[in-house]
Undergrad: 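Starting off with a structure, shown below.
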Amino acid sequence: MAQPQTAITPTRVEDYPEWYQQVVRAADLAETSPVRGCMVIKPWGYALWENIQRSLDAMFKATGHKNAYFPLFIPLSFLEAEAAHVEGFAKECAVVTHHRLEAGPNGKLVPTGKLEEPLVVRPTSETIIGDSFSKWVQSYRDLPLLINQWANVVRWELRTRLFLRTAEFLWQEGHTAHASEAEAREETMRMLSVYAEFAESYMAMPVIQGEKTAGERFPGAVDTYCIEAMMQDRKALQAGTSHFLGQNFAKASNIKFQSEQGREELAWTTSWGVSTRLIGALLMTHSDDDGLILPPRLAPTQIVILPVLHKEETKAQVLEYCHKLVAELRNVHYHGRPLEVELDAREGRGGERTWEWIKRGVPVRVEIGPRDIASDSVFLARRDLGVKEKSSMPRQQFVSYAARILEEIQTKLYDRARDFRIANTKKIDKKDDFYAYFTPKNADKPEIHGGFALAHWNGDPAIEAQLKNDLNVTIRCIPLTPEKAGDSGLHTGAAPRGLDPLFAEATPGTCPFSGKASPRRVGFAKAY
RNA sequence: CGGGGCGUAGCUCAGCCCGGCUAGAGCGCCUGGUUUGGGACCAGGAGGUCGCAGGUUCGAAUCCUGUCGCCCCGACCA
């Protein structure tokens, strides 16, 4: 069989969306299910999600939040309570109307037992959690109330893509209630910065923190903030959101408290979430034409040991050496945890076994055969380097350097993604230039084009609508300035991070679309 | 929801226009053997209500009608 140039066909350049699907499959992350629009998350993909969960959960706890769990079903009347909220979600709700099945004709089952009030499968939980909050909060002494839940939600999507948009997905939703507007706003920004910190330090994915325009706001929110990342096709992907909900949901759910002065007041609430979409973001940030590339801090397996077991007479010796190495490595700590090491001793699979791990994105592969044992060394391959760039290293040295090598990969992935974003971000001052930037040269089969554009905008929603219509380009966010940005108070970073000064700059100018005055540049891009 | 396409082995598909032996290929899977510092080779084998229902016909994967499902492109969205 002719060996293909790359493990994944087509390549990113040839057909990006198809490449994405192939990587999901080749890395064994997930597959489609018999239920339209829903996915089966396979063990490798779910292990990745568990790592994301564990890291984020620790950050939520460190910022004072507690986990709880609320019902999957939301009474229709709850959802109706907030006008903008209903309107935003009404078109994509799964509704439960019956509670029993009976044998019908032809051996089929038919639903019976109609419910008095239909139940909506949660698309998000503001209203049902608000109902609990209204009972839990009576005094200013009960505030702030800082709750998070890990859950699944359903949004009945018509066009779906694994991880990026599915009818059911896994996520976390934080819900908090506060005594003052200032405190709720501070919480909103803090959690946005927690997301930014997680994206950059764990996912090695640089993000822009910013505020959404009115048109892109969460239904029912006063202000919506987001982190936006650039994928390798130069499109933007919203990776997390944090909402300042004002008193809208407190009003709808009747969350009231008695203040220090004895007055009855409405609470101020926030909500914030990230989902399994992060896995899609991770994939499209780092992966190459040989498959997935995982940042070491989130990789379910950080180092895989691949013994060379071809000769019967050396087999036992090789395996013993490998088991010893695994034990040694598991005593090493990386980023506060023992190394995740896997020994793949499957036989007779030739290079295919190696390629399987390449496609799954394991950061470090170690190959060990009789020759290496003779020199007490290991043969090392890094996923961030070329397939052929392998090198030998004394075993002792490898064991003591292992954590350092992983951190080097972690940093390199971040730097590479950041450099890519910088290279594909452009300040644009003329309408023609803007249109040219976002127009592919080949209209029939559009090539990867565009990127992020920083352009002035006078704040008129009609311009947003026009650009969306003409180019399918939207304002991804109004980037935060250092004064506005929150502080997670957590310092987990692998490298200096923070607001990109290019985006954070907020000097006035002229809107190229209207000719009117603009307070500052905003970030435009095509988006997922 | 509008436009287009496709349902044949676990997967990717050929066969259909022009109806005709027991429905095929590649990959994957199982067994045995040969290999082995890198996606190996040979031999044998298992596996299919041709999406479903009806019709035309001596005979349907193939033609007709209906139906269900999926994919792609638009509109909408984390």
Side-chain angles (χ1 to χ4, degrees), chain A residues 1-9 15 17-18 21-22 25-26 31-37 87-93 106 123-124 152-161 163-173 195 212 215-219 221 224 226-229 236-243 271-281 290-291 306-315 318 344 347-359 365-374 378-379 381 387-388 390 392 444-446 468-469 472 474 476 527-528:
Chain A
M1 187 180 82
Q3 189 174 314
Q5 292 293 305
T6 57
I8 305 295
T9 38
D15 186 345
E18 182 58 25
Q21 307 277 12
Q22 292 305 324
R25 198 159 78 159
E31 59 192 28
T32 52
S33 77
V35 184
R36 182 200 165 93
E87 206 194 318
F89 287 106
K91 283 170 285 183
E92 49 187 30
C93 285
N106 317 319
T124 177
N152 58 340
V153 284
V154 168
R155 296 180 188 176
W156 211 260
E157 298 288 347
L158 301 168
R159 288 274 293 110
T160 58
R161 292 180 73 182
F163 291 113
L164 296 177
R165 173 159 295 107
T166 44
E168 180 193 14
F169 55 95
L170 306 183
W171 78 344
Q172 65 56 224
E173 45 181 328
Y195 288 154
K212 285 293 186 192
E216 301 261 330
R217 218 173 265 154
F218 175 76
T224 288
C226 61
I227 53 172
E228 295 278 335
L237 184 137
Q238 180 175 310
T241 50
S242 185
H243 315 292
S271 68
W272 28 273
V274 297
S275 71
T276 36
R277 187 181 224 206
L278 287 179
I279 292 173
D290 285 328
L306 302 165
V308 178
L309 297 170
H310 301 317
K311 295 188 186 67
E312 201 58 44
E313 56 274 24
T314 55
K315 193 185 276 181
V318 170
D344 184 353
E347 290 182 56
R349 315 225 93 226
E352 201 187 330
R353 186 184 59 171
T354 305
W355 279 101
E356 196 175 292
W357 291 105
I358 293 173
K359 288 185 282 193
R365 302 188 305 281
V366 174
E367 299 170 356
I368 291 172
R371 272 184 246 160
D372 308 291
I373 295 174
V378 301
F379 210 54
V387 177
K388 297 220 165 77
K390 302 192 238 180
S392 191
D444 295 330
K445 195 178 177 301
K468 170 113 201 230
N469 181 57
N472 203 22
T474 50
R476 296 324 302 153
Y528 278 95

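What you see is a predicted model, and the numbers here were worked out from it, not measured in a lab. Numbers restart at 1 for each chain; the letters A, B, ... are given by sequence-line order, proteins then strands.
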Undergrad: NA contact type, Phe218(A), heavy-atom cut-off 4.0 Å: base, sugar-phosphate, or nothing?
TA: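 Nothing: the residue Phe218(A), judged by heavy atoms under 4.0 Å, touches no strand.
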Undergrad: Whole Å only: how far is the CZ atom of Arg217(A) from the P atom of A78(B)?
TA: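 So the two atoms are 13 Å apart, to the nearest Å.
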Undergrad: Excluding sequence neighbours, so at least two apart, what forms salt bridge (charged side-chain N to carboxylate O under 4.0 Å, His left out) with Arg277(A)?
TA: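 So Arg277(A) forms no salt bridge (charged side-chain N to carboxylate O under 4.0 Å, His left out) with any residue.
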Undergrad: Whole Å only: how far is the CD1 atom of Ile358(A) from the C1' atom of G38(B)?
TA: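 In whole Å, G38(B) C1' and Ile358(A) CD1 are 9 Å from each other.
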Undergrad: For G26(B) versus G20(B), give the span between their C1' atoms, rounded off to a whole number of Å.
TA: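 Comparing C1' positions in G26(B) and G20(B) gives a spacing of 27 Å.
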Undergrad: By nearest nucleotide on RNA chain B, pick out whichever of Pro219(A) and Arg371(A) is the more 5' one.
TA: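 Here Arg371(A) is the residue nearer the 5' end.
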Undergrad: To the closest 0.5 Å, what do you measure between CD1 (Ile227(A)) and OH (Tyr195(A))?
TA: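 The OH atom of Tyr195(A) is 8.5 Å from CD1 of Ile227(A), to the nearest 0.5 Å.
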Undergrad: C1' atom, G24(B) versus A9(B): distance in rounded Å?
TA: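 These two C1' atoms come out 10 Å apart once rounded.
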Undergrad: To the nearest Å, how far apart are Arg365(A) CZ and G37(B) P?
TA: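 Atom CZ in Arg365(A) sits about 17 Å away from atom P in G37(B).
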Undergrad: Please give the distance between the P atoms of U67(B) and G28(B) as a whole number of Å.
TA: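 41 Å, rounded to whole Å.
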Undergrad: Report the distance from atom CH2 of Trp357(A) to atom C1' of G37(B), rounded to the nearest whole Å.
TA: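 Spelled out: CH2 on Trp357(A) to C1' on G37(B) is 19 Å.
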Undergrad: Find the distance Trp272(A):CH2 to A78(B):P and express it as a whole number of Å.
TA: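 Taking CH2 of Trp272(A) and P of A78(B), I get 19 Å after rounding.
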Undergrad: Please tell me which of the listed nucleotides, G39(B), G37(B), A78(B), lies nearest to the side chain of Arg277(A)?
TA: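 Shortest atom-to-atom distance from the side chain points to A78(B).
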Undergrad: Can you name the residues that form a side-chain contact (heavy atoms from CB on, under 4.5 Å) with Ala167(A), not counting sequence neighbours?
TA: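 side-chain contact (heavy atoms from CB on, under 4.5 Å) list for Ala167(A), sorted by chain: Cys38(A).
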Undergrad: What nucleotide, of G37(B), C11(B), G39(B), holds the atom closest to the side chain of Arg25(A)?
TA: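 Out of G37(B), C11(B), G39(B), the nucleotide with an atom closest to Arg25(A)'s side chain is C11(B).
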Undergrad: Using the P atom as the point on both nucleotides, what is the distance between A53(B) and U62(B), in whole Å?
TA: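 Pairwise P distance, U62(B) against A53(B), rounds to 12 Å.
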Undergrad: C6(B) pairs with which nucleotide, Watson-Crick or G-U wobble, both distances below 3.5 Å?
TA: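 Answer to the pairing question: G69(B), which forms a Watson-Crick or G-U pair with C6(B).
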Undergrad: Run the salt bridge (charged side-chain N to carboxylate O under 4.0 Å, His left out) test against Glu87(A) and tell me which residues pass, sequence neighbours left out.
TA: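 None.
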Undergrad: If C18(B) has a Watson-Crick or G-U wobble mate with both distances under 3.5 Å, name it; if not, just say none.
TA: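 Check on C18(B): unpaired, no WC or wobble geometry under 3.5 Å.
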Undergrad: Suppose you measure atom P in G54(B) against the same atom in G15(B); what distance do you get, rounded to whole Å?
TA: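 Here G54(B) and G15(B) have their P atoms 28 Å from each other.
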Undergrad: Using a 3.5 Å distance criterion without hydrogens, assess whether the side chain of Arg353(A) forms a donor-acceptor pair with backbone atoms of Asp344(A).
TA: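 Flag set: sc Arg353(A) to bb Asp344(A) pair under 3.5 Å.
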Undergrad: May I ask you to decide if Pro123(A)'s main-chain N or O and Arg155(A)'s side chain share a donor-acceptor pair within less than 3.5 Å?
TA: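 Present.
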Undergrad: The test is side chain to side chain contact (heavy atoms under 4.5 Å, CB included); show your working for Ile368(A) and Val378(A) and say whether it passes.
TA: CA-CA 6 Å; Ile368(A) 291 172; Val378(A) 301; 4.0 Å; yes
Undergrad: With heavy atoms under 4.0 Å as the rule, sort Phe379(A) into base, sugar-phosphate or nothing.
TA: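 Counting heavy atoms under 4.0 Å across all strands, the contact made by Phe379(A) includes a base.
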Undergrad: Counting Watson-Crick and G-U wobble pairs only, both distances under 3.5 Å, name the nucleotide matched with A25(B), or none.
TA: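 When the pairing criteria are applied, U12(B) turns out to be the nucleotide that pairs with A25(B).
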Undergrad: Applying the side-chain contact (heavy atoms from CB on, under 4.5 Å) test to Val387(A), which of Thr6(A), Ile358(A), Thr354(A) qualifies?
TA: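 Answer to the side-chain contact (heavy atoms from CB on, under 4.5 Å) test with Val387(A) among Thr6(A), Ile358(A), Thr354(A): Ile358(A).
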Undergrad: Could you go through the side chain to side chain contact (heavy atoms under 4.5 Å, CB included) check for Arg25(A) and Lys359(A) one step at a time?
TA: CA-CA 9 Å; Arg25(A) 198 159 78 159; Lys359(A) 288 185 282 193; over 6 Å; no
Undergrad: Side chain of Ser275(A): nearest nucleotide among G38(B), G37(B), A78(B)?
TA: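 In terms of side-chain proximity for Ser275(A), the closest of G38(B), G37(B), A78(B) is A78(B).
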Undergrad: Would you mind classifying the nucleic acid contact of Thr474(A) as base, sugar-phosphate or nothing, using non-hydrogen atoms under 4.0 angstrom?
TA: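 Result for Thr474(A) = nothing.
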Undergrad: Quick one: sort the Phe218(A) and His243(A) rings into parallel, tilted or perpendicular, breaks at 30° and 60°.
TA: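 Phe218(A) and His243(A): parallel rings.
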Undergrad: A43(B) pairs with which nucleotide, Watson-Crick or G-U wobble, both distances below 3.5 Å?
TA: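 Partner of A43(B): U31(B).
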Undergrad: With nearest nucleotides of RNA chain B determined for Ile373(A) and Leu164(A) from heavy-atom distances, which residue corresponds to the more 5′ nucleotide?
TA: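 Between the two, 5'-proximity favours Ile373(A).
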Undergrad: Between atom CD of Gln172(A) and atom CH2 of Trp272(A), what is the distance when rounded to the nearest 0.5 Å?
TA: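 The distance works out to 5.5 Å.
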Undergrad: I'd like a list of close polar pairs between nucleotides 32-34 of chain B and the protein, N/O only, cut-off under 3.5 Å.
TA:
none

Undergrad: Calculate the interatomic distance between Leu237(A) atom CG and A78(B) atom P; express it in whole Å.
TA: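 For the pair Leu237(A) CG and A78(B) P, the rounded distance is 12 Å.
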Undergrad: If we take the P atom in both C71(B) and U34(B), what is their distance in whole Å?
TA: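 47 Å, rounded to whole Å.
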Undergrad: At under 4.0 Å between heavy atoms, which parts of nucleotides 67-76 of chain B does protein reach? Answer with one letter per nucleotide, 5' to 3': B base, S sugar-phosphate only, - none.
TA: ---S-SS-B-
Undergrad: With both distances under 3.5 angstrom, what nucleotide forms a Watson-Crick or G-U wobble pair with G37(B)?
TA: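 Answer to the pairing question: none, since G37(B) forms no Watson-Crick or G-U pair.
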Undergrad: Taking donor-acceptor contacts at under 3.5 Å, does the side chain of Lys390(A) reach the base of G38(B)?
TA: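 Side chain to base: pair found, below 3.5 Å.
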Undergrad: Select one nucleotide: of A78(B), G37(B), G39(B), the one nearest the side-chain heavy atoms of Thr166(A).
TA: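 Selected nucleotide (nearest to the side chain): A78(B).
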Undergrad: Mind checking the P distance from A60(B) to C76(B)? Whole angstroms is fine.
TA: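 One P to the other, the span is 49 Å.
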Undergrad: With both distances under 3.5 Å as the test, what is the Watson-Crick or G-U wobble partner of G59(B)?
TA: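 The base-pairing partner of G59(B), which may sit in any strand shown, does not exist here.
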Undergrad: Please give, in whole Å, the distance from A78(B) P to Phe163(A) CZ?
TA: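 Rounding to the nearest Å, CZ of Phe163(A) and P of A78(B) are 20 Å apart.
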Undergrad: Expressed in angstrom and rounded to an integer, what is the separation of Glu356(A) atom CD from G38(B) atom C1'?
TA: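 So the two atoms are 14 Å apart, to the nearest Å.
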Undergrad: Tell me what Lys359(A) touches on the nucleic acid: a base, only sugar-phosphate, or nothing, going by heavy atoms under 4.0 Å.
TA: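 Base contact - Lys359(A) has a heavy atom under 4.0 Å of at least one base atom.
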Undergrad: Rounding to an integer number of angstrom, what distance separates A14(B) and C63(B) when you compare their P atoms?
TA: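 The answer is 15 Å between these two P atoms.
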Undergrad: Which residues pass the salt bridge (charged side-chain N to carboxylate O under 4.0 Å, His left out) test with Glu168(A), sequence neighbours left out?
TA: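 Applying salt bridge (charged side-chain N to carboxylate O under 4.0 Å, His left out) to Glu168(A) gives none.
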